[in-house]
There are 2 protein chains.
Amino acid sequence: MSVEPLPNIDRSTLRERVLRALRSAITSGAYRPGDHLGEVELAGRLGVSRGTVREALRHLQQEGLVTAGNRGMLRVNSLSVEEIRGLFRVRAALEGLAVTEIIARPDRSAAVAALRAAVDELAGAGDDFAAKVEADLGFHVRLCELSGNPMLVESWRHLEGRMRVTIMNRDPEEAPAMMTPGRHAPIIEAIERGDLPGALAVVEEHMAAAADHFTSTRAR
Amino acid sequence: MSVEPLPNIDRSTLRERVLRALRSAITSGAYRPGDHLGEVELAGRLGVSRGTVREALRHLQQEGLVTAGNRGMLRVNSLSVEEIRGLFRVRAALEGLAVTEIIARPDRSAAVAALRAAVDELAGAGDDFAAKVEADLGFHVRLCELSGNPMLVESWRHLEGRMRVTIMNRDPEEAPAMMTPGRHAPIIEAIERGDLPGALAVVEEHMAAAADHFTSTRAR
DNA sequence: CTCCCTCCGACTGTCGACAGACTACCTGCC
DNA sequence: GGCAGGTAGTCTGTCGACAGTCGGAGGGAG
């Protein structure tokens, strides 16, 4: 008797799938910042009950992708200039911790290799805007993962939704300037040298530049 | 016609009130880490429907107060030793950013005064364990607030639930050693001097000591 | 023409019920 | 005595419906 095929059964709950669908719809730009997300419409469109959509929306609200407006109505979030500046300062602190812990680890060279693979993906994204975004964020989350500190990853992910709406609030035409291998290589090099102050300075500057980028010429 | 009294109407939703009640029940120790939180039991005890309790529980799950166990059943969270160490390293990074921004602000002396008031509350808590916990966490969240970076506060609060279950997982008898005015004063003094490297070192050491404290003699 | 009142539509808040899944126990057979 | 199979109980997952509230359109009075 054969035992191979039997495709993996999807054991995820409906709520999880709806959550992923909505998150994807927002981060892909199908819903723009400010758009109203009505429970009834979404439930009808997804073919599930309101309660299920509701739970997914509440989850996205805590992720910062969605925010409550008048009368509890939810809409796609968009950050103010001050929030964006603060966001990138927090990211600088978190990713500064990440490089600190990576440099302190014995398997630093393995981390460097993994990071190089991440920038290669960024280089391979070409002109595909969505792929560039994924590769860029993928590099930074990988940075956190390689620190070996799950709580750091958790904290970083808590900011991810806010970053994604910020990215989506801009014109895709002018964003690629930020997401190039050249901007990320210095971080890896400093880690490889074991140059902690240098790595911290590079991360700091990387985030400051990103903050400037996303706070100028806002809203498309 | 008189216009004064008319007590403020509570416009909070039932879900918000249930959320606060459950959060309070956990952080006060009524439910211990590992305890199972059944939707039916809670709904019956609170006199609300399961759906409402469910939403509150999901919120607490994202806060890290509650975690999913077998078959989606939720129980009060408890952190491993590694998670606790990582948690306090992230806190060190965040609160390090806080002191950095406070020192850079022009109204630094006002922040110092506010922080002194916070440690006074800690001193006035006496032997009341719950009051000491509130005053201690109050000091640190105040530190973040005074940075003027709302995103920093948001990130810190995201860790608050995990800290609270960690605190609650220990014997109240031996915790007070951590939460004394003497342990917090050096932070304020370094800020007052404008001594950034000194302040960072103090915060770092404060968090390392706290991590050691909460990873030794675990579980009561 | 303007202002106010009323009615209508839409949306979220909350609830109770049904269904599916897993656990633990209990019984009968080997 | 031990193990397989069945069975009851309990928990979460999901759904549809009712109710309350807010905003706006529309009509009538001044």
Side-chain angles (χ1 to χ4, degrees), chain A residues 1 6-23 25-26 30-78, chain B residues 1 6-23 25-26 30-78:
Chain A
M1 152 181 182
L6 286 187
N8 285 337
I9 308 258
D10 181 10
R11 298 274 298 177
S12 67
T13 70
L14 197 51
R15 172 178 55 84
E16 290 172 308
R17 290 191 296 260
V18 168
L19 176 59
R20 281 195 291 267
L22 290 179
R23 191 190 285 127
I26 295 175
Y31 289 97
R32 310 276 326 153
D35 282 0
H36 169 55
L37 298 173
E39 296 176 0
V40 188
E41 179 201 334
L42 294 174
R45 189 171 303 195
L46 292 166
V48 300
S49 89
R50 267 187 57 214
T52 305
V53 169
R54 188 184 178 76
E55 285 187 35
L57 284 174
R58 285 266 130 75
H59 194 107
L60 293 176
Q61 186 180 6
Q62 273 182 287
E63 284 187 5
L65 249 78
V66 156
T67 188
N70 209 357
R71 231 173 82 207
M73 291 207 266
L74 298 177
R75 54 176 203 274
V76 180
N77 197 5
S78 84
Chain B
M1 156 182 183
L6 285 186
N8 285 337
I9 309 255
D10 182 10
R11 299 273 297 179
S12 67
T13 72
L14 198 51
R15 172 178 54 85
E16 291 172 307
R17 289 191 296 260
V18 168
L19 176 59
R20 282 194 290 268
L22 290 179
R23 191 190 286 127
I26 295 174
Y31 290 97
R32 308 281 321 156
D35 283 0
H36 169 56
L37 298 173
E39 295 177 0
V40 189
E41 178 200 335
L42 294 174
R45 190 173 302 196
L46 292 166
V48 299
S49 89
R50 265 187 60 213
T52 305
V53 169
R54 188 182 176 78
E55 286 188 34
L57 284 174
R58 284 267 129 74
H59 194 108
L60 293 176
Q61 188 180 3
Q62 273 182 287
E63 285 187 5
L65 253 82
V66 155
T67 189
N70 210 358
R71 230 174 81 209
M73 293 207 265
L74 298 177
R75 54 176 203 273
V76 179
N77 196 6
S78 81

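Labels below follow one simple rule: chain letters A, B, ... track the order of the sequence lines, proteins then strands, and each chain is numbered from 1. Remember, predicted model here, so these are calculated numbers, not experimental data.
Contact record, B/Ala21 with B/Leu46: CB-CD2, 4.5 Å, taken as the closest heavy-atom pair. Here the shortest heavy-atom pairing between B/Val18 and B/Val53 reads CG1-CA, 4.3 Å. Pairing each heavy atom of B/Leu74 with each of B/Ala68, the nearest pair is CD2-CA, 3.7 Å.
For the pair A/Arg17 (side chain) and A/Ser12 (backbone), a donor-acceptor distance under 3.5 Å is present.
At whole-Å resolution of the value, CZ in A/Arg75 and P in C/dT12 are 13 Å apart. For the pair A/Arg71 CZ and C/dT14 P, the computed distance is 14 Å after rounding to whole Å. Distance B/Glu55 CD to C/dT12 C1': 10 Å, rounded to the nearest Å. Atom P of nucleotide D/dG13 and atom NE2 of A/His59 are separated by 14 Å, given to the nearest angstrom. One can place CG of A/Asn70 at 12 Å from P of C/dG13, the figure rounded to the nearest angstrom. Look at CG on A/Asp10: it is 14 Å from C1' on D/dG13, rounded to the nearest Å.
Partners of B/Glu16 under the salt bridge (charged side-chain N to carboxylate O under 4.0 Å, His left out) rule, at least two apart in sequence or in another chain, do not exist in this structure.
Residue A/Arg11 places its side chain closer to C/dC22 than to any other of C/dC22, C/dC11, C/dT14. Closest to the side chain of B/Met73, out of D/dG13, C/dT14, D/dC11, is D/dC11. Taking the side chain of A/Arg54 as heavy atoms from C-beta on, and the options C/dA21, C/dG13, C/dA10, the nearest nucleotide is C/dG13.
Contacts between residues 33-51 of chain B and DNA chain C, defined by a heavy-atom separation under 4.0 Å, are made by B/Val48, B/Ser49, B/Arg50. Sorted by residue number, the list of members of residues 14-23 of chain B with any non-hydrogen atom under 4.0 Å from DNA chain D is empty.
Along DNA chain D, the nucleotide nearest A/Thr52 and the nucleotide nearest B/Leu74 are compared for position; the residue whose nucleotide lies closer to the 5' end is B/Leu74.
Taken to the nearest 0.5 Å, the NE2 atom of A/His59 stands 13.5 Å off from the CD atom of B/Glu55. The CZ atom of A/Arg75 sits 9.0 Å away from atom CG of A/Asn70, with the distance rounded to the nearest 0.5 Å.
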